[in-house]
Amino acid sequence: MLTGDIPPNQTIYIKNLNEKVKKEELKRSLYCLFSQYGRILDVVALKTEKLRGQAWVVFSEVTAASNAVRQMQGFPFYDKPMRIQYAKTKSDCIAEAEGVYDPNAKKKKKQEEKAERKKRAEEAQQAAPANGKPAETNGGPTSFRQGNQGAQETAPPNNILFIQNLPYETTSMMLQVLFQQYPGFREVRMIEAKPGIAFVEFEDDVQSSMAMQALQGFKITPQNPMAITYAKK
DNA sequence: AGCACA
């Protein structure tokens, strides 16, 4: 119904996105938000007249896309409920991987683009994770184990979480999108003078703990697994 | 509302 009669596809099509969000941030936030459902191969967003307010998220598995369509339906994203469907056609990066990619049917300059794409896939190691190959397992909410054992003392449970190892360009809006999925979320606080860290407040320490477990090690970019601890009193 | 791969 909400997905229309479009057959399942490993790419989801999202509309009703907030058109004021800049393209790169939008792609990063979508990547963050949807990586919990599986490995993301690509995120496509264009700001052209015809295509603004829409995006495609390409998963490595159809099942991931199905869960995303169902569970994130209507999710408030930059203050607007997302409308999610399966994409109508196969993404180029999938067709290419399957050896079925025929760019002649569409574009003229395929050689240059293919070279471009390859080049950017390599650069993507430290840029947006949403270009081509994700470079490694994103990990997502269920993989962690690198956080806070060893060196420093573990602070006792607290309703406020302390987040470290964030990419420099992380915004509080991006973190809000991630953390507000968990019950009891109150607010994100960042300090201008201290990039790379943030405080996220929940109503109580049971709820903050749930979010901590869910997002421990979450990678906003492949080289930035979040380190989440309880804030000190 | 709008289905692309800048």
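Because the structure is predicted, anything quoted here is derived from the model rather than measured. Convention: sequence-line order gives letters A, B, ...; per-chain numbering from 1.
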Can you tell me the distance, in whole Å, between the [atom1] atom of [X] and the [atom2] atom of [N]?
| X | N | atom1 | atom2 | answer |
| --- | --- | --- | --- | --- |
| A:I14 | B:dC3 | CD1 | C1' | 12 Å |
| A:K88 | B:dA1 | NZ | P | 14 Å |
| A:D102 | B:dA4 | CG | P | 16 Å |
| A:D92 | B:dA6 | CG | C1' | 12 Å |
| A:L46 | B:dC3 | CG | C1' | 11 Å |
| A:K27 | B:dA6 | NZ | C1' | 10 Å |
| A:E49 | B:dC3 | CD | P | 14 Å |
| A:L17 | B:dG2 | CG | P | 15 Å |

Closest approach to the side chain of A:Q85, judged atom by atom: which nucleotide of B:dG2, B:dC5, B:dC3 is it? B:dC3

Assuming nearest nucleotide by heavy-atom distance, tell me which of A:W56 and A:K23 is located more 5' along DNA chain B. A:W56

Apply side chain to side chain donor-acceptor pair (under 3.5 Å) to A:T170 and list each qualifying residue two or more places apart in sequence or on a separate chain. none

Output all residues satisfying side chain to side chain donor-acceptor pair (under 3.5 Å) with A:D204, sequence neighbours left out; order by chain, then residue number. none

Any donor-acceptor pair under 3.5 Å between the side chain of A:S91 and the base of B:dA4? yes

Are any of the side-chain nitrogens in A:R189 or A:E201 under 4.0 Å away from the carboxylate oxygens of its partner? yes

Using a strict cut-off of less than 4.0 Å between a Lys/Arg side-chain nitrogen and an Asp/Glu carboxylate oxygen, indicate whether A:R28 and A:E169 qualify as a salt bridge. yes

Touch check for A:L51, heavy atoms < 4.0 angstrom, all strands: base, sugar-phosphate only, or nothing? sugar-phosphate

For A:K90, report the nucleic acid contact type (base, sugar-phosphate, nothing); a contact means any heavy atom under 4.0 Å. base

Report yes or no: does A:N16 contribute a side-chain atom to a donor-acceptor pair with the main-chain N or O of A:M82 at less than 3.5 Å? no

Please check the phosphate of B:dC3 (OP1 and OP2 only) for any side-chain N or O of A:K15 closer than 4.0 Å. no

